[in-house]
Amino acid sequence: MAMSRANDAVAAALQEYAELFALDGGDAFRVRSYQRAAKAIAGHPEEVTPENVRAVPGVGEAIARKVEEFLRRGGFRQLDELRARVPEGVRRLVRVPSLGPKTALVLFHEYGIDSPEALAEAIRAGRLTGRKGFGPKTLANLLAGVEHLLEAGSQVHLGVATGLADRVAAALREAPGAGRVAVAGALRRGAETIAEVELLATAADPAALVAVLRGLPYLAEVAEEEPGTASARAADGPRVRLRVVPEESWGAALLAATGSAAHLARLRALAAERGWTLTGQGLYDGGRPLAAATEEEVYAALGMPWVPPELREDAGEVEAALRGGLPRLVTLEDLRGDLHTHTDLTDGVASLEEMVAAAARRGHAYYAVTDHAPDLVMQRMTLEKALAQRERLRRLQAARPGMRLLHGTELNIGPDGSVDWPAEILAGFDVCVASVHSHFTQSPAEMTRRLIAACENPEVHVIGHPTTRKIGKRPPVEADWDAVFRAAARTGTAMEIDSYPDRADLPSDLVRLARRHGVKFAIDSDAHAVPHLAFQRFGVGIARRAGLTPDDVINCWPPERLLAFLRRPGA
DNA sequence: GCCGTTTTCGGCCCGACTGTTTTCAGTCG
């Protein structure tokens, strides 16, 4: 499913406005209004227009007018005014964990601190020591938070990088004389965080492509380093690099631009054993070219089949390829369903009916609705609401014989590993996902016991987003993952690969570890809106990086096998 | 700023945790 770009841009502008409004001391309820509208527009399945935006829930007259102006000229007056009043670095301050708008306001207005860097300097220089509200522990936490933030640098998650790459690639394809355009680098390898979006192209006139980059409003510092090679910086983060190469060496160039450095080093060593050299131009025996036009030819000349980009990390894939033992990696088409999704009964933005219809359009054989459970109090879930939803789902099932609808829930794993409802209630759900949503800072020993206890609960089928990390916002929880995965394998509890791009959880290195323990996986969207159902592509990328096959993934299985795994064979 | 089975004003998702406070403000999910 294609993302509707206008919606994403409008939502980003409203979200920025909400943040700036809060940082300018604006009323908290109005801040929430802008945030709610941004979330609703981002999750709205239709492309927003001046005519239909007023119908989006949470959008009233005032926001509709702002959206209208934004669609006309890419901005609105009130946003321009706030941008002029609140420096960009102050907005970055609230990315520091535990630092919210109120604190940022004090830091900026009373101390002139206008960036995370300036905050670190002020703390180190003792300028905040003794200030009411800033005790020694608070200062130490803030300093650690800033350092964590700056370490992450301009890395962005897959969702942001993919959106940026798609937009730039589409623009390049429109250029006169453009030939091929492909995404390479870490993004092609499916990495969960991206520092640089690398694009490769062929063109009759390389300068025309560089000119396209210069014309894109969301790229800055466009520099042509040599003819046909350019780099730029995207407005909100990563660098963009474009390389225009000759058609005849496309394969060698794509291989070189995709990496990883370690994988390429292995290939070069293999070439060297034969007295050959491998470069971005081709594979050569002295001056004689052996292969260059396609990646397949280059790999074949080195004695192996084409290696999927997600495996190119020098983690054993070269040896496996040489002996013909590459795994049959899971693909998006192998997925037969989704086992973790939300609706507007809790924090989703689409109704049950809309989500089910969208799932059917994706061709799923089964689809689970797993709204939040009561212990996450702000969601205001009750057993009565869950049972009423189950009845609605059963009625929808009658009209959709081609897709099995599963009524599930996303439980909360409490500090001691217990979950929201007793066993007799849980037994009424077709699928129970259990996730950590609180108490993130337990000791590793406590967190390990907690996750193992959840695995040992016979009603729990899947551990949702196991590390609970949020890329760029919250570090993963600390646990003895070997012990957790042993428990998961022993109890037949699947680990989730949550595909939501800022989660990407489990990350691929932990998937690899879990698989060695014999754990099975669920690749879920964790969708909170119709467009989010497409996030599963990111989870598939993580699974492929870990070498997973369809047999490792419970939602690749036929319905009967899945239901047996869920211990609901009669469902 | 949005919204209406409280319907054009007066509410707005609720409670725990943290570090600081000596009774609470800010942040988070």
Side-chain angles (χ1 to χ4, degrees), chain A residues 13-15 17-41 53-68 76 78-79 82 93-108 123 128-145 342-349 371-382 385 410-416 420 434-442 446 464-465 467-470 472-475 477 498 500 502-503 505 526 528:
Chain A
L14 287 173
Q15 175 61 29
Y17 188 66
E19 287 175 28
L20 294 176
F21 193 73
L23 287 166
D24 200 43
D27 174 70
F29 291 113
R30 289 174 66 190
V31 172
R32 278 212 43 206
S33 293
Y34 294 116
Q35 286 172 332
R36 269 211 321 273
K39 183 174 162 185
I41 288 171
V53 69
R54 187 63 179 79
V56 177
V59 177
E61 274 315 309
I63 291 181
R65 277 200 301 276
K66 292 179 176 70
V67 171
E68 223 166 276
F76 54 90
Q78 297 88 340
L79 178 61
L82 273 185
L93 272 179
V94 296
R95 308 261 185 277
V96 177
S98 83
L99 201 169
K102 298 277 195 271
T103 310
L105 198 63
V106 169
L107 292 174
F108 180 46
I123 294 173
L128 291 170
T129 307
R131 169 65 157 88
K132 186 167 178 251
F134 292 86
K137 278 191 176 177
T138 297
L139 291 177
N141 284 343
L142 288 176
L143 193 54
H342 296 275
T343 75
D344 61 6
L345 184 61
T346 55
D347 58 351
V349 299
D371 271 315
H372 288 285
D375 288 357
L376 201 56
V377 180
M378 63 184 286
Q379 303 290 348
R380 296 201 291 189
M381 179 56 100
T382 63
K385 286 188 190 177
E410 183 183 12
L411 301 164
N412 305 288
I413 305 176
D416 61 352
D420 308 61
S435 314
V436 168
H437 290 118
S438 65
H439 301 83
F440 302 107
T441 55
Q442 283 182 319
E446 286 172 313
H465 47 72
T467 81
T468 77
R469 72 162 175 181
K470 288 271 191 87
K473 294 198 193 88
R474 186 170 65 214
V477 297
D498 189 308
Y500 213 93
D502 69 350
R503 288 194 183 271
D505 186 11
D526 197 359
H528 286 66

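Every chain is numbered from 1 and lettered A, B, ... according to where its sequence line falls, protein lines coming before strand lines. Note that this is a predicted model, so its numbers are computed, not measured. Side chains included, hydrogens not; waters and symmetry mates left out as well; all remaining heavy atoms used.
Atom NZ of A:Lys385 has more than 12 heavy atoms from other residues, nucleotides or ligands within 6.0 Å.
Looking at which nucleotide of DNA chain B each of A:Ala64 and A:Pro97 is closest to, the 5′-most match is held by A:Ala64. Residues A:Ala104 and A:Pro57 each lie close to DNA chain B; by heavy-atom proximity, the contact nearer the 5' end of the strand is made by A:Pro57.
Rounded to whole Å, the separation between the C1' atoms of B:dT21 and B:dG26 comes to 12 Å. Going from the P atom of B:dT8 to that of B:dC3 covers 16 Å, rounded to whole Å. When the P atom is used for both B:dT6 and B:dG1, the distance is 26 Å, rounded to whole Å. Taking atom C1' on both nucleotides, B:dC13 is separated from B:dG29 by 11 Å, rounded to a whole Å.
Nucleotide B:dG1 holds its P atom 9 Å from the CZ atom of A:Arg65, rounded to whole Å. As rounded to whole Å, 11 Å separates atom P of B:dG1 from atom CZ of A:Phe76. Summarising the geometry, the separation between CD on A:Glu61 and C1' on B:dC3 is reported as 13 Å, rounded to the nearest angstrom. Atom pair A:Arg469:CZ and B:dC28:P shows a separation of 19 Å (rounding to whole Å applied). Atom CD in A:Glu19 sits about 13 Å away from atom P in B:dT27, given to the nearest Å. The distance between atom NZ of A:Lys39 and atom C1' of B:dG29, rounded to the nearest whole Å, is 11 Å. Remark: P of B:dA16 and CG of A:Leu376 are 13 Å apart, rounded to the nearest angstrom.
Counting any heavy atom pair closer than 4.0 Å across all strands shown, A:Ser438 reaches no nucleic acid atom. Among the atoms of the strands shown, only primed sugar atoms or phosphate atoms (P, OP1, OP2) are found under 4.0 Å from some heavy atom of A:Pro136. At the heavy-atom level, A:Asp347 lies nowhere under 4.0 Å from the strands shown. Within the 4.0 angstrom heavy-atom criterion, no nucleotide atom of any strand lies near A:Phe21.
Across every strand in view, B:dG26 sits in a pair with B:dC17 that passes the Watson-Crick or G-U test at under 3.5 angstrom.
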Protein and nucleotides 10-14 of chain B: nitrogen or oxygen contacts under 3.5 angstrom:
{"unit_1": "B:dC13", "atom_1": "OP1", "unit_2": "A:Arg32", "atom_2": "NH1", "d": "2.3"}
{"unit_1": "B:dC13", "atom_1": "OP1", "unit_2": "A:Arg32", "atom_2": "NH2", "d": "3.4"}
{"unit_1": "B:dC13", "atom_1": "O3'", "unit_2": "A:Arg380", "atom_2": "NH1", "d": "3.4"}
{"unit_1": "B:dC13", "atom_1": "O2", "unit_2": "A:Met378", "atom_2": "O", "d": "2.8"}
{"unit_1": "B:dC14", "atom_1": "OP1", "unit_2": "A:Arg380", "atom_2": "NH1", "d": "2.9"}

Could you list the protein-to-nucleotides 21-26 of chain B atom pairs, N/O on both sides, closer than 3.5 Å?
{"unit_1": "B:dG26", "atom_1": "O3'", "unit_2": "A:Thr103", "atom_2": "OG1", "d": "3.3"}

| said: Between A:Glu61 and A:Arg65, is the side chain to side chain contact (heavy atoms under 4.5 Å, CB included) condition met? List the steps. | reply: CA-CA 6 Å; A:Glu61 274 315 309; A:Arg65 277 200 301 276; 4.1 Å; yes
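Not one N or O on the side chain of A:Asp420 forms a donor-acceptor pair closer than 3.5 Å with the backbone of A:Leu411. In this structure a side-chain-to-backbone donor-acceptor pair under 3.5 Å is present from A:Gln379 to A:Asp347.
Minimum interatomic distance between A:Val436 and A:Thr468 (heavy atoms only, all atoms of both residues): O-CG2, 3.4 Å.
Looking only at atom types and distance, the side chain of A:Asp526 has a donor-acceptor partner in the side chain of A:His342 under 3.5 Å away.
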